[in-house]
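The structure appears right after this line, and notes come after that.
What you see is a predicted model; the values in this text were computed from it and never measured. Sequence positions, counted from 1, serve as the residue numbers for this chain. First listed ligand is number 1; within each ligand, the first listed atom is number 1.
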Amino acid sequence: MTATAASDFLPFVRPEIDADTIAEVGKVLASGWITSGPKMQAFEDALSQVFGGRPVRTFANGSATMEIALRIADIGPGDEVITTPITWVATANVVLAVGAKPVFVDIDPRTRNIDLDAVEAAITPRTRAIMPVYLSGLPVDMDRLYAIAAKHKLRVIEDAAQAIDSRWQGKRIGAFGDLVSFSFQANKNITSVEGGCLVMNTPEEAVRAERLRLQGVIRSGMDGMDVEEPGGKFNLTDVNAAIGLAQLAKLDAITARRAALAETYFRCAADAGLADLGIELPLPLDPQQATTNWHMFQVVLPTDRLEGGPQQARQNVMQAMRERGIGTGVHYPPIHLFTYYRSLGWREGMLPHAERIGRGIVTLPLFPAMQATDVERVCATLSETCKRLSK
Ligand SMILES: *Cc1c(COP(=O)(O)O)cnc(C)c1O
């Protein structure tokens with residue numbers, strides 16, 4: 001086997017910033033106003049249009065966005081927030097940051113999203129909110145989610161970090177619902193390098209969000225300043241907003257390209273016999289009423305059948321893929337088994353679907369600049385690797 005040249009390496013994600021966007025950044029830097037200003041305002045206006053005219057405010061990152069959403073919902077000490085363990089750890093960390101308690105429930109192994117039956121079973125008198133995550137961009141059953149929230153009078157803080165342009169019954173995620181948080185981190189479908197936005201219900205919530213992102217400061221007249229509720233430093237700069245605006249203009253094309261590549265994945269996965277090897281594919285295109293934006297294409301490896309077993313099989317496969325010039329990722333190990341969360345009482349065996357999928361899930365390369373031949377190579381290499389590493 002010959003070593004693969006570095007230039008042939010296929011990463012699992014690669015952000016694309018074109019020359020026009022770079023020129024826009026240059027203009028902001030030369031303009032004399034480089035932090036939050038007209039570009040941030042324009043980005044928020046454009047986002048509001050995307051989300052059906054609802055109020056939208058931007059923040060320094062998706063984690064800050066979710067923390068502010070929790071504060072707007074008045075969630076704090078003594079409150080419980082029900083969420084999924086298969087997500088970026090920010091989802092649970094922000095609940096702790098406001099002094100509340102994250103309550104993890106198991107996932108549905110088909111969607112890999114929070115199991116809404118388990119959500120309902122976990123509701124207590126202290127439950128204040130549900131925080132669903134749309135892993136790889138796939139929404140949960142939004143009708144059921146909001147029916148549960150209405151029945152038990154709960155807020156919903158949607159961690160839609162991965163779900164820009166995903167849809168439920170044709171409606172964009174964010175264009176309806178309660179508080180909906182998005183991230184524009186570098187790996188997301190559209191990026192501002194770092195950044196996030198929150199879609200809200202009322203102008204009053206938007207005013208509170210503006211205060212909380214800048215130390216709680218309220219200005220009046222030429223020189224008036226007051227603070228009623230202290231906030232943090234979470235504003236998005238015009239440099240980031242200029243990048244976000246340029247990316248947002250390409251949203252339709254990005255989503256369409258990703259859907260086409262996902263379709264190619266399903267075809268190539270069938271040709272390469274991945275399912276026969278025990279590899280679990282994502283739900284097919286347009287399952288039920290939910291449309292994913294294909295933020296990621298994730299498979300679950302049959303770790304029991306592979307050398308190394310549940311603890312080692314995935315790293316063996318990832319290493320073998322890397323040696324053949326293909327990058328892969330892990331999104332995500334289950335949060336409840338991290339040391340800190342174990343110290344709160346979480347243990348192995350409590351959330352079996354999340355634990356199994358957390359051990360076997362692998363993110364395959366998917367980004368708009370990829371070609372169908374790249375997808376073929378990924379599927380063929382994964383097939384060959386799993387055959388070779390089968391027990
Ligand atoms: C990216 C992401 C976040 C956090 O966003 P940042 O912008 O990185 O702070 C939160 N939740 C999920 C599911 C994400 O994918």
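Less than 4.0 angstrom separates some heavy atom of Met66 from each of these atoms of ligand 1: 10 (C). Heavy-atom contacts of Thr87 reach the following atoms of ligand 1: 13 (C) (cutoff under 4.0 Å). In the vicinity of Tyr332, heavy-atom distances shorter than 4.0 Å reach the ligand 1 atoms 15 (O). Near Val133, meaning under 4.0 Å from any of its heavy atoms, are these atoms of ligand 1: 13 (C). Each of the atoms 11 (N) of ligand 1 lies under 4.0 Å from some heavy atom of Thr91.
Between Phe59 and Phe184, the distance separating the two ring centers is not shorter than 6.0 angstrom. The ring of His331 has its center closer than 6.0 angstrom to the ring center of Phe12.
The residue Leu135 has no part lying near ligand 1, judged by heavy-atom distances below 4.0 Å. With a 4.0 Å heavy-atom cut-off, ligand 1 is reached by the side chain of Lys188 but not by its N, CA, C or O. Counting heavy atoms under 4.0 Å from ligand 1, residue Asp159 touches it through the side chain alone.
The shortest N/O to N/O separation between Gln185 and ligand 1 does not fall below 3.5 Å. Ligand 1 has no nitrogen or oxygen under 3.5 angstrom from a nitrogen or oxygen of Glu194. Checked against a 3.5 angstrom limit, the closest N/O atoms of Gly62 and ligand 1 fall inside it. Looking at Ser63 next to ligand 1, an N or O pair under 3.5 Å apart turns up.
With salt bridges taken as basic N to acidic carboxylate O contacts below 4.0 Å, none links Asp165 and Lys250. Asp79 has a carboxylate O that lies under 4.0 Å from a charged side-chain N of Arg128, or vice versa, which qualifies the two as a salt bridge. Salt-bridge check for Glu280 with Arg110: failed, with every basic side-chain N at 4.0 Å or more from each acidic carboxylate O. Under 4.0 Å is where a charged nitrogen must lie from a carboxylate oxygen, and between Arg356 and Asp304 no such pair does. Taking 4.0 Å as the cut-off between side-chain N and carboxylate O, Glu384 and Arg377 do not count as a salt-bridged pair. Of the charged side-chain nitrogens involved, none lies within less than 4.0 Å of a carboxylate oxygen, so that Glu205 and Arg57 do not count as a salt-bridged pair. Here Arg144 pairs with Glu120 in a salt bridge; the nearest charged N to carboxylate O distance falls below 4.0 Å.
From the protein, the heavy atom lying nearest to atom 15 (O) of ligand 1 is Gln162 NE2, 2.9 Å. Counting protein heavy atoms only, atom 3 (C) of ligand 1 is closest to Trp88 CD1, 3.6 Å. Nearest protein heavy-atom contact of atom 5 (O) of ligand 1 is Ser183 OG, 3.3 Å.
In this structure, Ala149 and Val156 approach most closely via the heavy-atom pair CB-CG2, 3.5 Å.
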